[in-house]
Amino acid sequence: MTSNMRLENPSPLTVGFDLDMTLIDSRPGIKACYEALSAETGVPIDADLAVTRLGPPLDQELAHWFPANEIPAVADRYREMYPTYAIAPTPAMPGAREAVAAVRAAGGRAIVVTAKHEPNAKLHLEHLGIEPDAVIGWLWAEAKAEALEEYGASVYVGDHLGDVRGARTAGALSVVVPTGPCSAEELRAEGADVVLPDLTAFPAWLASYSATARA
């Protein structure tokens, strides 16, 4: 995978992708990590419930299970445990590899912008053989606009209401897939520009979008 260097000469087409429940189905791995964290700390965590609301930063989920003063240390421990428990069980979402490849085929660059701990995000992509041009972590919702603007992304693909807000803040086209915790109706109501059934539909959409942009 290329290093996380800033692009000095962005191509005319730069597409950003969210990670959890957009490019990867992180539910099995995150569930395993929460179960291990619960066993280690002795604090009950409903891992099945936790994985139904993926998207926001880790601290927001931990706040359901731990006192506020314990969250920073527990979050650090979770991130330490994550490579052991969460990488191997996590598959790519249907169409994920093809979506990134479609951006390259169109002469563009693909970046991943995620709220996840950046080193762990890179581990997922390396394990699955998905090679974006850059991976930027620790950004959620409107804050994702920082990376989208810096890289000149004109499209951002996600699955969460926060992804729609991030795209809108950056002035990028919001393309969403209802493969995470948010329904197509909720994503439309938030203002998503394009709603696809899943990423398998992305290459055809991108071809149409690129043709229109060149016209």
Side-chain angles (χ1 to χ4, degrees), residues 1-6 16-93 96 100 111-148 150 156-163 165-166 177 179-182:
M1 185 182 299
T2 57
S3 65
N4 190 26
M5 295 178 63
R6 297 302 186 245
F17 291 90
D18 176 49
L19 185 64
D20 287 346
M21 304 310 300
T22 299
L23 289 177
I24 65 172
D25 184 351
S26 49
R27 291 172 296 185
I30 289 177
K31 178 182 177 182
C33 197
Y34 275 132
E35 288 173 344
L37 182 68
S38 179
E40 181 176 294
T41 62
V43 175
I45 298 173
D46 187 339
D48 289 309
L49 175 60
V51 298
T52 67
R53 48 195 184 200
L54 299 180
L58 172 63
D59 289 8
Q60 291 189 27
E61 180 60 40
L62 293 178
H64 293 288
W65 315 108
F66 294 89
N69 64 315
E70 296 180 13
I71 289 175
V74 173
D76 286 344
R77 180 57 184 146
Y78 173 94
R79 295 183 182 109
E80 290 171 358
M81 300 169 73
Y82 194 93
T84 299
Y85 292 97
I87 302 301
T90 297
M93 295 292 284
V100 173
I111 65 173
V112 172
V113 184
T114 175
K116 190 178 289 296
H117 182 53
E118 190 172 298
N120 289 339
K122 290 179 177 179
L123 286 177
H124 274 300
L125 294 163
E126 290 166 2
H127 176 73
L128 295 170
I130 299 173
E131 299 185 359
D133 294 279
V135 181
I136 307 96
W138 303 301
L139 296 176
W140 161 241
E142 288 83 355
K144 291 187 174 189
E146 298 172 18
L148 297 174
E150 185 169 358
Y156 185 59
V157 185
D159 67 280
H160 199 281
L161 304 183
D163 298 327
R165 299 198 303 272
V177 286
T179 50
C182 303

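Because the structure is predicted, anything quoted here is derived from the model rather than measured. We use all heavy atoms of the structure for the numbers below, so side chains are in, but hydrogens, waters and symmetry mates are not.
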Is there a side-chain contact between [X] and [Y] (heavy atoms, below 4.5 Å)?
X      : Y      : answer
Ile24  : Pro91  : no
Leu125 : Glu131 : no
Leu123 : Pro83  : yes
Leu37  : Leu62  : yes
His117 : Tyr82  : no
Trp65  : Val74  : no
Arg79  : Leu58  : yes

Quiz item: Run the side chain to side chain donor-acceptor pair (under 3.5 Å) check on Asp20 and Ser26 step by step: do they pass?
Solution: CA-CA 6 Å; Asp20 287 346; Ser26 49; 3.1 Å; yes

Measure the spacing between [atom1] of [X] and [atom2] of [Y] and express it to the nearest 0.5 Å.
X      : Y      : atom1 : atom2 : result
Ile130 : Met93  : CD1   : CE    : 11.0 Å
Phe17  : Leu23  : CZ    : CG    : 6.0 Å
Asp76  : Glu80  : CG    : CD    : 6.5 Å
Leu54  : Glu61  : CG    : CD    : 8.0 Å
Glu40  : Arg77  : CD    : CZ    : 4.0 Å
Met21  : Cys182 : CE    : SG    : 11.0 Å

Has the side chain of [X] got a donor or acceptor atom that lies under 3.5 Å from a matching backbone atom of [Y]?
X      : Y      : answer
Thr114 : Asp18  : no
His160 : Gly162 : yes
Thr22  : Leu19  : no

Quiz item: Under the side-chain contact (heavy atoms from CB on, under 4.5 Å) criterion, do Lys144 and Arg165 qualify, and how do the steps go?
Solution: CA-CA 9 Å; Lys144 291 187 174 189; Arg165 299 198 303 272; over 6 Å; no

Quiz item: How are the rings of Tyr78 and Tyr34 set to each other: parallel, tilted or perpendicular (split at 30° and 60°)?
Solution: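 Because their plane-to-plane angle lies in the 30° to 60° range, the rings of Tyr78 and Tyr34 count as tilted.
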
Exercise. Using the salt bridge (Lys or Arg N to Asp or Glu O under 4.0 Å) rule, take Lys122 and Glu126 through it: C-alpha gap first, then chi angles, then the decisive distance, then the call.
Key: CA-CA 6 Å; Lys122 290 179 177 179; Glu126 290 166 2; over 6 Å; no

Quiz item: More than 12 foreign heavy atoms under 6.0 Å from CZ of Arg27: is that the case here?
Solution: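 At most 12 heavy atoms, drawn from other residues, nucleotides or ligands, come within 6.0 Å of this atom.
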
Exercise. For side chain to side chain donor-acceptor pair (under 3.5 Å), just list the numbers for Tyr85 and Lys31, CA-CA rounded to whole Å, side-chain angles, deciding distance to a tenth of an Å, and then say yes or no.
Key: CA-CA 9 Å; Tyr85 292 97; Lys31 178 182 177 182; over 6 Å; no

